[in-house]
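A quick write-up on the structure given underneath.
Letters A, B, ... are given to chains in the order of the sequence lines, protein chains preceding strands, and every chain is numbered from 1.
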Amino acid sequence: MRAKQQLEEKLKQILKELNMTWPEKAVLEPPKDKKFGDLAANLALVLAKEAGKNPRDLAAALADKLRCDDSLIADVSVAGPGFLNVRFSPDFWREEIRLVEEKGADYGRNDSGNRKRVQVEYVSANPTGPLHIGHGRGAAIGDSLARILRFSGYDVETEYYINDAGRQMRLLGLSVWLRARELKNLPVSWPEDWYKGAYIVEIAKELLAARPGLLDLPEEQSQDICFEYAMQTIFDGIKRDLKDFRVSHERWFSERSLVDSGAVARGFEMLKKSGYSYEKDGALWFRTTALGDDLDRVLKKSDGSLTYFASDIAYHNNKFERGFELVVDIWGADHHGYIPRMRAAVEALGKPRESFEVVLVQLVNLLKAGEQVAMSTRAGQFETLADVIMEVGADAARFMFLSRKSDSPLDFDLDLVKRRTLDNPVYYVQYAHARVSSVLRRAAERGLSLPERATAELLALLKEEEELELLRILDRFTDTVSGAARNLAPHHVSYYLMELSGALHSYYAAHQVLGAGSGQLSLARLALLRAVGQTVRNGLELLGVEAPESM
RNA sequence: GCGCUCGUAGCUCAGUUGGAUAGAGCGUUGGCCUCCGGAGCCAAAGGCCGCAGGUUCGAAUCCUGCCGGGCGCGCCA
């Protein structure tokens, strides 16, 4: 971050002197091979192409300018087709420790989001039963993404959409009501698709105990009570599960409130005005094909009732009315076919395409010792999120969910997630943090007192290659965070943490800290470890994973 | 059939807006502290980045076609 910023600034200044401007496509990044230096710029390649010049000549000219300019730059060279390779001085890198010390828990925080208003909606599972492991993945991704976006200067609000209107909810009420009648030995006839789960019986029992006269009420009223009670009970469970998973939503948004407020009707009006709706076969249609979908979609059925899509349009319209500039939905991958029509809707509502993003979360295969665990409703299996958290802990589960691109299927092996080896990277990263904490504790016991801020003089003792390597990695943390935010990809942070932890373990094995030979050198190395520990902690915080002092 | 998506080491996967000789872990093989946490470290072997074209200084990345896997394709929610 600092390296990138400073070099970019220098180069811009030089370009200005040469009457050239910084091209959009210019990139500064660490080269794949370290022998090229700390940072490589393709600037000359891009500029030379535009001007029809030789990139190597241009790069050489830029390199000369850079060289005479700066004490922080140790070496500049030109290589390959015209890359400008820069190596910073050790002093430049050592400053990173002081920056971490200054920023502390805010190290890595950045303002790349420009206070853009973003909503992240996730989980939003129907209140028809407890959360399962697939919901857990969506929950971890949504929660972590919100943390990362906030850390990157976005103005974020998280939301859970409650599907409390519609047929499924009537079925839920009916199912409880029928179970209650069954418990009272009243005649029942089961409809085709009702909720058969054992928890429905439990809910019915509880409700009967609380309201003995329930079944004496008129049928409709009685079923309404059943529905309300069942939904409340199930949501209590969902909220408890989410809390145990360290996931919280700022707002719980009810679909029913949307219907009641007339928002759906308003949505229809907007579509009609924009010319995208029409009537056919007694139903109201939305011409989504005009906006990239492969079929037109029904909004209002010929029997007068609304489709799910209709209220979803109203819901998203409501989101934009609330002033969000970017709406991020986290969906199960089985809904991906739904994206084109939702995009079409957003566009018909007059919003730019890029104001709506969907993060698809692929299915989770639950395994035990390599064997697939059936995800059926049968009891006794680790099928619910609560069971999984109890089995492996929130930290391991969250890290596992966040250590893979969301859009690729994930094998979640219960035995592997409990294992404490690199197979299961959460321990590798947490161990790095615990190790740092342990050494700092030990140092204090031995009377080595590390000041809150290290001086440049002290840090000048850091000369080992592994030390400079750690510092270079630290410098990338901020970029990693802002990149994860921009790409809506929390797993970038996980991979970064694994790399940083690996570098720490290597360093630790190669060099003594407490036994470094001189007290001053020990202190300098302790300062480095403390900065690494802080960065690991900040990164884990973004994943919602704890950074233990000891394990 | 149409649409979306993925195809990278034996396995599981990274690869940021196109950058240099494609990375990590597991597994395999061989090593490492009488010392700060061995839950660790070091090293070796392992690749036509699905295939074939195209775009350009440059492609795992972008475009087209094909092959293979996953998912979706209701006046369901």
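- Applying the salt bridge (Lys or Arg N to Asp or Glu O under 4.0 Å) test to A/Glu464 and every residue at least two apart in sequence or in another chain returns A/Arg525.
- Taking atom C1' in both B/G15 and B/C6, one finds a spacing of 15 Å when rounded to whole Å.
- With sequence neighbours excluded, no residue satisfies salt bridge (Lys or Arg N to Asp or Glu O under 4.0 Å) with A/Arg441.
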Please enumerate all protein N or O atoms sitting under 3.5 Å from an N or O of nucleotides 17-20 of chain B, with distances to 0.1 Å.
unit_1 : atom_1 : unit_2  : atom_2 : d
B/G19  : N7     : A/Asn42 : ND2    : 3.1
B/A20  : OP1    : A/Lys32 : NZ     : 3.1
B/A20  : OP2    : A/Lys32 : NZ     : 3.0
B/A20  : N6     : A/Asn85 : OD1    : 2.6
B/A20  : N1     : A/Asn85 : OD1    : 3.3
B/A20  : N1     : A/Asn85 : ND2    : 3.0

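- Sorted by first then second residue, the salt bridge (charged side-chain N to carboxylate O under 4.0 Å, His left out) pairs that include residues 484-508 of chain A, not counting sequence neighbours, are A/Arg476-A/Glu499.
- RNA chain B is contacted by both A/Leu410 and A/Ala434; A/Leu410 maps to the nucleotide lying nearer its 5′ end (nearest heavy atom per residue).
- Comparing the P positions of B/U64 and B/U55 gives a spacing of 15 Å, expressed to the nearest Å.
- As judged by a 4.0 angstrom heavy-atom cut-off over every strand, A/Ser403 is placed among residues making no nucleic acid contact.
- A/Tyr427 has its ring centre no less than 6.0 Å from the ring centre of A/Phe399.
- As judged by a 4.0 angstrom heavy-atom cut-off over every strand, A/Tyr495 is placed among residues touching the sugar-phosphate backbone only.
- A/Arg343 pairs by the salt bridge (Lys or Arg N to Asp or Glu O under 4.0 Å) definition with nothing, not counting sequence neighbours.
- As judged by a 4.0 angstrom heavy-atom cut-off over every strand, A/His511 is placed among the base-contacting residues.
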**Summary of protein contacts for nucleotides 70-77 of chain B, nucleotide by nucleotide, where a base hit scores B, a sugar-phosphate-only hit scores S (4.0 Å, heavy atoms)** = -BSS-BSB
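- When the nearest nucleotides of RNA chain B are assigned to A/Asp407 and A/Val513 by heavy-atom distance, the more 5′-ward of the two goes with A/Asp407.
- For the strand RNA chain B, secondary-structure stems (runs of at least three Watson-Crick or G-U pairs, all distances below 3.5 Å) span B:1-7 with B:67-73, B:10-13 with B:23-26, B:28-32 with B:40-44, B:50-54 with B:62-66.
- Sorted pairs that involve residues 22-45 of chain A and meet ring pair (Phe, Tyr, Trp, His ring centres under 6.0 Å), not counting sequence neighbours, are lacking altogether.
- With sequence neighbours excluded, the residues forming a salt bridge (Lys or Arg N to Asp or Glu O under 4.0 Å) with A/Asp329 are A/Lys319, listed by chain and number.
- Every residue meeting the side-chain contact (heavy atoms from CB on, under 4.5 Å) condition with A/Thr535, not counting sequence neighbours, appears here in chain and number order: A/Val100, A/Tyr107, A/Leu474, A/Phe477, A/Tyr496, A/Leu500.
- By the side-chain contact (heavy atoms from CB on, under 4.5 Å) test, A/Arg472 pairs with A/Asp38, A/Trp93, A/Glu465, A/Leu468, A/Glu469, sequence neighbours left out.
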**Item:** Criterion side chain to side chain contact (heavy atoms under 4.5 Å, CB included) on A/Val264 and A/Tyr315, from CA distance to verdict
**Value:** CA-CA 8 Å; A/Val264 178; A/Tyr315 176 43; over 6 Å; no
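- Residues that satisfy the side-chain contact (heavy atoms from CB on, under 4.5 Å) test with A/Ala348, not counting sequence neighbours, are A/Leu271, A/Tyr276, A/Phe286, A/Leu291.
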